[in-house]
> 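Got a structure here, written out as structure tokens. Questions coming.
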Amino acid sequence: MIDVNYSLRIAYNSALTGIAGVPVFYGAVPSTVSPDTYIVFRSITNTDASTMNSSDTDTTITVEIQTWTDGSNSGLSADMIARDVFNRVLPNPSGILTTDGMQIVSTRLLNDTSPPPISQANRVYQSRVLTFGHKIYLRSDIS
């Protein structure tokens, strides 16, 4: 078994970077920035799915889209960013990301939630949380 997290982080960062005006972070937003829209991908979970002949994982990863505006927030920005995320991570049922040392055999959307907006002072925060599942075949030791 090899570690897939680093390669998956690189693949997600590459796929999500470039959405106009939306910075991408792994894990959390640094305390030195405060963008009004951003993506945080996090919570990589791997379950061994190996066979006698291959090393495989069932892997999940969460992509969180956050937006805030002063006054009110309809959630439209979060929905439009989600469209871009889908186009980059899961453009079709057989869509796969490019990774080193492993092959993502399949990608599925496991969960898509839009929690109620949160008001704090004059800001209204709206998020969209997407959880993707991947079946990954490990081709080589990339450590």
> Between V85 and I39, which heavy-atom pair has the shortest distance, and what is it?
CG2-CD1, 3.8 Å
> Taking all non-hydrogen atoms of both residues into account, name the closest pair between F41 and Y26 and its distance.
O-CD1, 3.2 Å
> Just by modelled atom types, is the V124 backbone N or O under 3.5 Å from a matching donor or acceptor in the N73 side chain?
yes
> Is the closest basic N to carboxylate O distance between D58 and K135 below 4.0 Å?
yes
> Please test D100 against Y6 for side-chain contact (heavy atoms from CB on, under 4.5 Å), starting from the C-alpha separation and ending with a verdict.
CA-CA 9 Å; D100 289 334; Y6 183 68; over 6 Å; no
> Is there a donor-acceptor contact under 3.5 Å linking the side chains of T67 and D36?
no
> Do you know which two heavy atoms are closest between F132 and L109, and how far apart they sit?
CE2-CD1, 4.0 Å
> Any donor and acceptor pair, going by atom type alone, linking the side chain of Q126 with main-chain N or O of P115 inside 3.5 Å?
yes
> Judged by modelled atom types alone, do T107 and H134 share a side-chain donor-acceptor pair under 3.5 Å?
yes
> Enter the distance from T98:OG1 to I10:CD1 here, rounded to the nearest 0.5 Å.
12.0 Å
> When rounded to the nearest 0.5 angstrom, what distance separates CD in Q66 from CD1 in I81?
10.0 Å
> Looking at every non-hydrogen atom in both residues, tell me the closest pair between S127 and E64 and how far apart they are.
CB-OE2, 4.5 Å
> Looking at A28 and V40, what are the two nearest heavy atoms and their distance?
N-CG1, 3.8 Å
> Between the main-chain N or O of P35 and the side-chain N or O of W68, is there a donor-acceptor pair closer than 3.5 Å?
yes
> Would you confirm whether R42, through its side chain, and T62, through its main-chain N or O, come within 3.5 Å as a donor-acceptor pair?
no
> Write down the atom of R128, the atom of A78, and the distance for their closest heavy-atom approach.
CB-CB, 4.2 Å
> Using only heavy-atom distances, determine whether the side chains of T59 and N46 contain a donor-acceptor pair under 3.5 Å.
yes
> Check whether the side chains of T51 and N53 place a donor and an acceptor atom closer than 3.5 Å, and report yes or no.
no
